[in-house]
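Proteins come first, then strands; the chains are lettered A, B, ... in the order of their sequence lines, and each starts at number 1.
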Amino acid sequence: VSLRKLVAAAIAAAAIAVIAISCTAVLGLNGLSNAVDVMCTRCAGQLQFLGSHEDCVGYLERHLDALTDDERQKWLDAYVGQCSTCDRVTECFYWPKICTENGFACAQSGECCSSQDGGGCDGGSCQ
Amino acid sequence: MTLAGPLASLAPRALSAAAIGGVLLFAAPAARADDAAAADALFQQAKSLTEKQQWGEACPKFEASYKLDKTLGTLLNLADCEEHIDKTAAAWAHWGEAVELAEKAGDKRADYAGKRRAAIKDRVPKIQLDVTAGKSTLAVLRDGVRIDPAAYGVPLPSDPGEHTITVRRGEETLVTKKVTAKERETETIKLDLEAIERAAPPPPAPASSVQRKAGWGVLGTGVGLVVIAGGLELGAIVTKSQTNAAGACVSNLCTPSGYSTVSHARTLANAGQWLGIGGILVTAVGVTLVATAPSGKAAATEKPAAITVSPWAGPGGAGISVGGAL
């Protein structure tokens, strides 16, 4: 095998490696996570009233989808800025329209916004 | 008729011809000095041979001498020699050439050459090629010399004896015919080139053509893959920009819908990335195939290139492998 062929192969391999590494990285698509998934995984203990991990994720996704873009961005800013530690995660759960408001169907008392003030899930809806 | 005489071998070419013919006076202008000297030596040898009646050996020497130094005397001797060995067509042509040369120089020997030419005219055998060419591009050759299509159907002066008529496509001989030319006769050969072409269709494209075509095909596929890859990357950029505009991601965390969009963009980017890599490799293979395709005759003797292109897929990705013997 001639030196020229080796050099050509090395250059080709380097070019492919650069392309392979850089594509998603350049677009800033690497290292991003779903905030809800992180929240339910990392702070499962604090959010155990929502049930299993899947239930937790499902609940939060449903409620976030119901927000406007602006409301959703504000919630995300708050989560990243102040609720990313588990001791403060409930601040971002008991957030308007994220926790279940009075009169809306519920499964457990913990999900009701009123639970912070002694209310809870009664008869299938938050009271 | 004999030109040669006892004085001929002793005299210079022009003088010897003049002495023998009685009308040959001047030599043509000398060529390069060394060519002229060689021509003279050949001429003297030829004359010596004619004195011994060895015409068959003398004629080539006259011809060689004339090629080196185009003197009228040599040409006259050449024509006379050819007449002695019954190369009547060649003699007839050379007598004619001598007439032209002499007339151009204002030489009196033009009359002599003209008479000799006229005397031999009826003896010259002829071969007539009646060719039906149509759209055929096949070549017709007489004794290895290509006949201009304009000469088809024309009785062509030929030396007595056997002649070979061939029909060729490039270097390939399709038909060979033998014809014996006889004095005072015209032999006619009929050739239907279209029928010959139909009977022997052109061979399949040579390997070079196959490889080149395959190369262009692979190259085109590679470029196509790269273009598609570019489109996918563009799609990924647009999709990602949508998440940025909606503020769906902050720091490294995204809302579920934002994350879904990011995942979609990542899928597009990955697909574009691997397709792009594959496209670049396939393009490189195509360029190599085109660049290394043998050309012309070399390819005709080679075995066709065996090229295999096969897709592969694995846990780490997918692609196309190309291999084979060229």
Side-chain angles (χ1 to χ4, degrees), chain A residues 5 8-9 11-43 54 56-84 89 92 95 98, chain B residues 222 225-226 229-285 287-288 291-292 316-320 322:
Chain A
K5 284 182 181 173
I11 290 171
I16 289 170
V18 167
I19 293 167
I21 292 165
S22 64
C23 229
T24 50
V26 164
L27 294 177
L29 297 170
N30 290 341
L32 293 173
S33 303
N34 182 350
V36 166
D37 186 49
V38 170
M39 190 172 167
C40 291
T41 303
R42 194 184 293 168
C43 306
E54 287 72 26
C56 174
V57 169
Y59 176 92
L60 288 170
E61 282 187 355
R62 273 196 314 277
H63 284 250
L64 279 167
D65 282 347
L67 302 182
T68 64
D69 285 346
D70 192 44
E71 289 171 334
R72 197 158 40 237
Q73 192 176 347
K74 280 181 182 169
W75 178 86
L76 185 64
D77 286 338
Y79 177 73
V80 171
Q82 63 197 57
C83 313
S84 55
V89 74
C92 286
W95 188 272
I98 297 294
Chain B
L225 289 175
V226 170
L232 290 172
E233 291 297 339
L234 195 63
I237 292 168
V238 170
T239 307
K240 174 64 171 41
S241 67
Q242 288 171 348
T243 64
N244 291 344
C249 295
V250 174
S251 187
N252 288 332
L253 295 173
C254 304
T255 60
S257 59
Y259 185 74
S260 171
T261 307
V262 165
S263 297
H264 182 54
R266 194 183 287 150
T267 303
L268 288 175
N270 280 329
Q273 171 183 302
W274 289 109
L275 212 56
I277 292 169
I280 290 167
L281 290 175
V282 172
T283 302
V285 170
V287 168
T288 306
T292 60
I320 297 171
V322 180

Per-residue tally against chain A (heavy atom, under 4.5 Å) across S251(B), A269(B), C254(B) peaks at C254(B)
At a heavy-atom separation under 4.5 Å, does A284(B) approach chain A through its side chain, its backbone, both, or neither? neither
Could you give the distance from [atom1] ([X]) to [atom2] ([Y]), rounded to the nearest 0.5 Å?
X	Y	atom1	atom2	answer
N252(B)	N30(A)	CG	CG	10.0 Å
L29(A)	T261(B)	CG	OG1	11.0 Å
D69(A)	T255(B)	CG	OG1	8.5 Å

Under the side-chain hydrogen bond (donor to acceptor under 3.5 Å, both in side chains) test, which residues partner Q242(B), sequence neighbours left out? none
Heavy-atom distances under 4.5 Å only: say whether L32(A) touches chain B with side chain, backbone, both or neither. both
Just wondering, do P256(B) and N34(A) contact through their side chains at under 4.5 Å, heavy atoms? yes
Taking C-beta and beyond as the side chain, do S257(B) and R72(A) meet within less than 4.5 Å on heavy atoms? yes
Could you list the residues that satisfy salt bridge (charged side-chain N to carboxylate O under 4.0 Å, His left out) with R266(B), not counting sequence neighbours? none
Taking all non-hydrogen atoms of both residues into account, name the closest pair between L76(A) and A248(B) and its distance. CD2-O, 3.4 Å
